[in-house]
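The structure appears right after this line, and notes come after that.
As the structure is a computational prediction, the values presented were derived from the model and not from experiment. In what follows, residues are counted from 1 in the order of the sequence shown. Values below: every heavy atom of this structure, side chains too, minus hydrogens, waters and symmetry copies.
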Amino acid sequence: MHPDSQFTHADNAKLIFNELKFRSLTVKNRLFRSNISGQFDDYNGHGGNARLNWEEKFARGGIGCIISSFTPVSVRGRILVRYAMIDDDDKIPFWREVGRRVHGHDCRFIMQLSHSGRQQDMGGVENLFNKGLSSTDKSDYFHGLLAQAMTKPEIAEVVEQFAQGARRAREAGLDGVELHGANGYLLTQFLSSGINDRTDEYGGGWEGRARFVLEIVRAIRREVGQDFHLQMKINGVDHNDWLYPWIKKGNTLDETVKICTMLLDGGKGVDSFHVSSGSTFPHPRNPAGDLPLEDLHRWYDGMLSQGTRAPMNYAIFSNPLLGRAFQALWRWRRGKVIEGINLDYARAVSEAIGKIDPDIKVLCTGGFQHADRIAEAIRSKACDAVTMARPLIANNNLPEILAKANGPEKECTYCNKCLLNDLENPLGCYDLSRFDGATFEDRYSEMIKQVMSVFEPPTFH
């Protein structure tokens with residue numbers, strides 16, 4: 001029997017659509033859009049009209065709060081080109097307009113302040129001759145993206161870039177910021193015992209590895225004060241050894257809990273934690289789902305000039321036998337659970353942090369799209385709210401659906417075609433099985449119509 005079978009849908013909806021109060025932010029429900037976006041913007045990091053349409057459509061669909069896509073605090077910190085940045089004051093007017101559009105639907109907007117570090121898929125021509133800044137000189141184990149260990153002056157510079165990004169977000173009228181410390185990006189590269197091999201004060205034990213992030217938190221508070229929402233996205237467990245079992249596993253759940261406690265900084269630090277898992281991107285646990293070989297073969301070619309291991313990966317993905325073997329490994333390492341895959345990690349963080357400061361909230365990501373699963377997660381006190389991305393790409397109005405039913409009629413299948421297509425194509429749902437039509441051509445036409453809807457032109461007066 002499902003844990004929530006004793007509760008009706010009305011009970012679940014009442015819980016899900018109850019407002020959530022942080023220390024300096026109130027959200028109308030317990031549904032957040034997690035960080036996901038496509039290459040919608042100008043090459044130089046200025047925001048575009050497509051992003052305005054993209055963000056507003058989720059606000060219109062009833063989501064309580066949007067966490068922006070990966071927003072670089074510097075050009076050096078890109079993951080992909082054509083992502084709107086927050087590296088200069090000249091970006092403030094665009095983000096002010098994003099906030100205005102989203103707030104018009106009673107939706108809050110949190111900017112995710114981010115830096116790729118070594119995990120830079122396609123950094124653009126500006127980064128052509130740059131290795132990724134990191135805690136280490138070692139390249140990442142998946143794509144083979146090159147890295148250089150940051151000097152102390154470079155660390156200080158990046159700390160300030162994060163602080164100024166937060167200041168700009170506040171000046172733009174946004175509702176808060178999130179530090180992306182999960183899934184293999186720069187902050188993960190410092191936090192993780194599986195990646196950080198430094199011997200100075202920014203390495204070693206968990207306190208040293210967390211020093212960089214703590215300095216960022218304090219620098220942000222210096223710029224925005226205590227009454228501006230600040231949250232941290234963090235891995236519950238790194239699972240750094242999923243592909244190569246002989247490499248270090250990375251942070252344990254116990255280490256993560258200790259790091260979260262440190263980042264509270266005596267009540268002057270973060271207001272919330274956003275729990276994920278996986279020390280790289282992509283990772284079997286993030287985004288938890290399938291590995292579509294046809295799409296992988298078709299779109300991964302863009303990585304061939306980026307990483308030293310990418311040609312080997314491409315050869316594996318292109319080989320029918322090796323590709324299926326890799327897909328089987330991916331599914332095995334992911335496990336059977338997709339929806340709520342990170343709940344046990346979130347529960348451990350919630351229990352530990354709640355004993356110190358009950359006002360600190362915990363968000364959990366991981367394929368949520370059913371009201372009973374979401375309500376059970378909140379009711380069990382594993383988390384205070386859930387975040388979702390792919391289910392919202394599949395059904396932009398998922399919150400409206402969940403208010404009336406347990407789940408959508410056409411569910412997200414977790415195929416992950418959306419994320420693979422994003423390497424070269426507009427972000428959207430590319431699962432043909434979800435589109436109506438008598439023929440392949442009809443279904444494909446409907447799919448493209450939905451994907452391209454974000455490019456609706458602005459109205460000029």
Side-chain angles (χ1 to χ4, degrees), residues 35 69-81 83 85 87 112-159 161-162 179-200 202-204 208-213 215-216 233-235 238-244 247-251 276-283 286 300 302-314 419 423:
N35 51 298
S69 70
F70 186 107
T71 307
V73 296
S74 70
V75 174
R76 191 76 181 269
R78 280 175 169 167
I79 48 168
L80 292 167
V81 298
Y83 269 49
M85 299 194 296
D87 62 319
Q112 187 186 77
L113 302 175
S114 311
H115 194 295
S116 62
R118 70 181 185 181
Q119 193 163 284
Q120 186 174 83
D121 296 336
M122 299 177 189
V125 68
E126 302 96 324
N127 289 310
L128 184 60
F129 301 107
N130 289 330
K131 293 182 180 180
L133 297 174
S134 185
S135 64
T136 179
D137 287 324
K138 294 178 181 178
S139 60
D140 89 290
Y141 63 81
F142 189 70
H143 305 296
L145 300 169
L146 301 181
Q148 66 182 64
M150 294 167 68
T151 64
K152 291 180 183 179
E154 286 172 333
I155 288 174
E157 180 181 22
V158 172
V159 167
Q161 288 169 347
F162 273 94
L179 300 179
H180 198 343
N183 314 134
Y185 301 108
L186 180 62
L187 303 191
T188 311
Q189 293 160 37
F190 272 83
L191 290 172
S192 177
S193 62
I195 301 173
N196 187 336
D197 56 3
R198 301 178 73 95
T199 58
D200 63 6
Y202 292 95
R209 300 196 309 273
R211 181 185 300 272
F212 177 45
V213 182
E215 288 182 359
I216 291 173
K233 189 171 188 182
I234 193 167
N235 288 334
D238 283 340
H239 295 281
N240 194 54
D241 60 339
W242 76 270
L243 183 56
Y244 301 112
I247 67 176
K248 293 181 179 179
K249 294 182 178 181
N251 287 359
S276 183
S277 60
S279 65
T280 189
F281 189 89
H283 189 284
N286 181 64
Y300 188 77
M303 293 297 297
L304 290 176
S305 61
Q306 305 300 311
T308 58
R309 294 188 181 92
M312 180 185 70
N313 290 346
Y314 190 69
L419 298 173
L423 288 171

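For the pair Thr136 (side chain) and Asp197 (backbone), a donor-acceptor distance under 3.5 Å is absent. Asn235 contributes no side-chain N or O that, together with a main-chain N or O of Ala182, makes up a donor-acceptor pair within less than 3.5 Å. At distances below 3.5 Å, at least one donor-acceptor pair connects side-chain atoms of Gln189 with backbone N or O atoms of Ser116. Between the side chain of Gln119 and the backbone N or O of Asn183 there is at least one donor-acceptor pair closer than 3.5 Å. Under the 3.5 Å distance criterion, the side-chain polar atoms of His283 are matched with a main-chain donor or acceptor of His239. When atom types are taken as modelled, the side chain of Ser134 and the backbone of Gly132 share no donor-acceptor pair closer than 3.5 angstrom. Of the possible polar contacts, one joining the Thr188 side chain to the Gly181 backbone as a donor-acceptor pair under 3.5 Å is found. Under the 3.5 Å distance criterion, the side-chain polar atoms of Asn251 are matched with a main-chain donor or acceptor of Leu191.
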- Begin with the C-alpha distance, continue with both residues' side-chain angles, and end with the deciding distance and a verdict on side chain to side chain contact (heavy atoms under 4.5 Å, CB included) for Leu423 and Met122. CA-CA 9 Å; Leu423 288 171; Met122 299 177 189; 4.2 Å; yes

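Note: Asp137 CG to Lys131 NZ = 7.0 Å, rounded to the nearest 0.5 Å. In this structure, CD1 in Ile216 is found 4.5 Å from CZ in Phe162, a value given to the nearest 0.5 Å. Taken to the nearest 0.5 Å, the CG atom of Asn35 stands 3.5 Å off from the NZ atom of Lys233. Taken to the nearest 0.5 Å, the OG atom of Ser193 stands 4.5 Å off from the CZ atom of Arg209. For the atom pair CD of Gln148 and CG of Leu133, the computed distance is 5.5 Å after rounding to the nearest 0.5 Å. Between the CG atom of Leu186 and the OG atom of Ser135 there is a distance of 7.5 Å, given to the nearest 0.5 Å.
Pro311 and Thr308 make their closest contact through CD-O, 3.7 Å (heavy atoms, listed as atom of the first residue, atom of the second, distance). Gln306 and Gly123 get closest at one heavy-atom pair: OE1-N, 4.5 Å. Across all their heavy atoms, Ala310 and Met303 have their closest contact at CB-O, 3.2 Å. Looking at every heavy atom in both residues, Leu187 comes nearest to Leu179 through CD1-CB, 3.9 Å. The minimum heavy-atom distance between Met150 and Glu154, with the atom names listed, is CA-OE1, 3.3 Å.
In this structure Arg118 satisfies the salt bridge (charged side-chain N to carboxylate O under 4.0 Å, His left out) test with no other residue, sequence neighbours excluded. Residues forming a ring-ring contact (aromatic ring centres under 6.0 Å, His included) with Phe70 (at least two apart in sequence, or on another chain): Tyr185. Scored by the side chain to side chain donor-acceptor pair (under 3.5 Å) test, Tyr300 finds His143, Asn313 as partners (sequence neighbours excluded). A search for salt bridge (charged side-chain N to carboxylate O under 4.0 Å, His left out) contacts involving Asp200 returns Arg198, not counting sequence neighbours. Scanning for side chain to side chain contact (heavy atoms under 4.5 Å, CB included) contacts around Ser69 gives Ser37, Arg51, Tyr83, with sequence neighbours left out.
Phe212 and Phe190 have tilted rings, their planes meeting at an angle from 30° to 60° on a 0 to 90° scale.
Residues Ser279 and Asn240 bring a donor and an acceptor atom of their side chains to less than 3.5 Å of each other.
You'll find the side chain of Arg309 reaches within 4.5 Å of the side chain of Ser139, heavy atoms only. Within the 4.5 Å cutoff, no side-chain heavy atoms of Lys249 are placed close to those of Asp238.
Evaluation of the salt bridge (charged side-chain N to carboxylate O under 4.0 Å, His left out) test over residues 120-129, restricted to residues two or more places apart or in two chains, returns Arg78-Glu126.
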